[in-house]
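What follows is a short report on a single structure.
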Number of protein chains: 2
Amino acid sequence: MAASTLSEVARLAGVSLATASRVLNGSSRKPAEDIAERVRDAADKLGYVPNAQAQALAKSSSGLIGLVVHDIADPYFSAIARGVQEAARQQNRMVLLASTSGTPADEKQAVAAFAARRADSMVIAGSRSVREEDKQGNAELAAELDRYCRNGGQVGVVGHPVVGASAADGYHVVEVPNEELAAGLAGQLAATHDGGFVIIAGPEGLYTSDDRVRGFQQGLADAGRPAAEVIRTGFNRAGGFQAGQALAERIKGSKERLCIFAVNDVMAIGVTAALRPEGVWIPRDATVAGFDDIETLRDFRPALSTVHLPLEDIGRLAAGDPDTPPITGTVKLRRSTEAPVGPQL
Amino acid sequence: MAASTLSEVARLAGVSLATASRVLNGSSRKPAEDIAERVRDAADKLGYVPNAQAQALAKSSSGLIGLVVHDIADPYFSAIARGVQEAARQQNRMVLLASTSGTPADEKQAVAAFAARRADSMVIAGSRSVREEDKQGNAELAAELDRYCRNGGQVGVVGHPVVGASAADGYHVVEVPNEELAAGLAGQLAATHDGGFVIIAGPEGLYTSDDRVRGFQQGLADAGRPAAEVIRTGFNRAGGFQAGQALAERIKGSKERLCIFAVNDVMAIGVTAALRPEGVWIPRDATVAGFDDIETLRDFRPALSTVHLPLEDIGRLAAGDPDTPPITGTVKLRRSTEAPVGPQL
DNA sequence: CTGTTAGCGCGTTCAA
DNA sequence: TTGAACGCGCTAACAG
């Protein structure tokens, strides 16, 4: 038993298809009130639900907005997703979700699927990479996006342009000032920290990670400090944990109080978690800072110094919301980077 | 410049529409290999992307699965969303996302929108409620779901049936054994805790909250303990925080070491966060337990005792994945409920 | 203001 | 095996 159709409603109301359509679905021209009511009654009686697919086909506008993320359960992405969702709601559209493993090849698949569904626009979140292994995938992804844009699609990319994508119409990038913010963080940390710095970074070639590393180094240089050593690892908690384990020995074997900058919050949490069982206490024996200011981690102790990013706004902006302010971040110094004898909050 | 259509491809390949369709989109009957190749070439040249809307219209099956959550940025829901996403991927379908404010009225809207898009199935997560204020909304939601099911839709609900929904075909509930698990938690806590218990619960009428409260009380009773006092507050971190503030005085003013059970993890975190600045240390001055075992909170210190729920599996199951095991939880006792002189992990 | 008609892009039944 | 024709449910031109 399929859902009832508009023509059934029209027949029951004793009017034509067009009239029923005008009454039930948004049209500029409003039919007479008495006939309109009859149509509404009929629709009600039949439990009529307009077929959005058919509407989309006829109007060639689907009211869909696609969202590509690496992992919807990652708090970074889910915060962005919330922003996209809100923007979609305001625009009276629905969100199509695609979680990919993070490889460009997978993302290309997702983009193609969105294009097939004729999504009006789409948002691509997740770090871009220039690693050799992603080269072909990037090219294909760029081609797919390009075609989509040429067909009138709107694309919002978070962070960096997709590698190789031409600056087509309808293609816009929500720039996140990772580099400046990381420099700012480094500057503020250098003001109170005398010892050395170490950076826990993601794999080389990940733009977001690379930008934050570069910015941080620049900030150190501006403060007259030597460059920090960079440890490359996975761009997630597990990566941070590994790096933390590797650092533990070193910290315990030296008198120096190291300041550790992990290029994102979950990595910083991983570092801290690895250090704790080794008896290395933050901020007593070393200090730790992250990046992103993930909401769920805000109750973490010691409170994590980080850079606040308005992730929801980023999502909203990428989804094409006009009255979202441009993206700016804020350095947040908290307990994890306090001086050795700071207040015991 | 709109995307190219199947008939354009057919014309360029010099074949009929039907043939092109058979070649490009899954059909049982395969045309000759030489002609098939010509069609594929043409499609490639034109950058043909099948219009999923039109396909859906013709086949009356959209390949869409709707997901209703209260807040996609809430780690509880985003974990479930991951499960749904994975199931969808396996079934070669896409996820339509709707975040609602949590009111049944909003959820009804979302369900209607999914129905309009002719989603093949949908998943509704988020606690059901029997509060008076939700009565009408619940009824409308139930009616909407009912109609959707009658039209052949599949509905998976997490936790509890939607209030008032008739057990229609295609309607199934992923039961979460909240009550038994809460009882189990209470039992294990009672084994090592001598003092009193307090429960921080959500508003009365929220099934999930009520079940956990009831189970916990039952568990206490089975252990020969008096019933715990129940404090009602918001079902989120803010609610927990408020309750924590209210409790702080009492804990400081008494010698008794209270065991606080918050009906979910984020509330437990809120309680702990409120207690900390008041100088109440966990587990020294009081102990705290939660429910859900949210992944992002696992590095929280003191490590939170809780009940582990396989949220991804729940999502997968609700999305109709056949080979996901039935849902069982596990009590996880960690540092936050340890005896006063436990090991300093 | 209303009704008729022609598509939107595709799957699928029929004849050929 | 291939192609012509119809229908999926709806919108938007037209004509009345």
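Checked for salt-bridge contact, A:Glu144 and A:Arg147 meet the test: a charged N lies under 4.0 Å from a carboxylate O. Taking the charged nitrogens against the carboxylate oxygens, B:Asp106 and A:Arg89 do have a contact shorter than 4.0 Å, which makes a salt bridge.
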Between A:Val39 and A:Leu24, is the side chain to side chain contact (heavy atoms under 4.5 Å, CB included) condition met? List the steps.
CA-CA 8 Å; A:Val39 172; A:Leu24 294 176; 3.9 Å; yes

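Counting to the nearest Å, the P atom of C:dC8 and the CG atom of A:Asn151 are 16 Å from each other. In this structure, CD of B:Glu8 is placed 13 Å from C1' of C:dC8, rounded to the nearest angstrom. Atoms CZ (A:Arg11) and P (C:dT4) sit 14 Å apart, rounded to a whole Å. Counting to the nearest Å, the P atom of C:dC8 and the CG atom of A:Leu6 are 20 Å from each other.
Of the candidates C:dT12, D:dG3, D:dA13, the closest approach to any side-chain atom of A:Arg22 belongs to D:dA13. Which of C:dG3, D:dT11, D:dA4 sits closest to the side chain of A:Thr19 comes down to C:dG3. Listed candidates were C:dG11, D:dG3, D:dA12. Nearest to the side chain of A:Lys59 is D:dA12. In the set D:dA4, C:dG3, D:dT11, the nucleotide with an atom closest to the side chain of A:Val15 is C:dG3. Listed nucleotides: C:dG11, C:dT4, D:dT2. Nearest to the side chain of A:Ser16: C:dT4.
As judged by a 4.0 angstrom heavy-atom cut-off over every strand, A:Thr5 is placed among residues touching the sugar-phosphate backbone only.
If you check the side chains of A:Thr324 and A:Asp313, you find no donor sitting under 3.5 Å from an acceptor.
Comparing B:Ala58 and B:Asp34 by the nucleotide of DNA chain D whose heavy atom lies nearest to each, the residue mapping closer to the 5' end is B:Asp34. Remark on DNA chain D: of its neighbouring residues B:Leu17 and B:Arg118, the 5'-side contact belongs to B:Leu17, judged by nearest-heavy-atom nucleotide.
Listed pair B:Ser21 / C:dG11 meets the phosphate criterion, a side-chain N or O lying under 4.0 Å from OP1 or OP2.
The stretch residues 48-57 of chain A comes close to DNA chain C through A:Leu57, each having a heavy atom under 4.0 Å from the strand.
No more than 12 heavy atoms of other residues, nucleotides or ligands shown are found within 6.0 angstrom of CD on A:Gln136. Open room surrounds CD on A:Glu37; 12 or fewer heavy atoms of other groups in view lie less than 6.0 Å from it.
Classified by interplanar angle (parallel below 30°, tilted 30° to 60°, perpendicular above 60°), the ring pair B:His160/B:Tyr207 is parallel.
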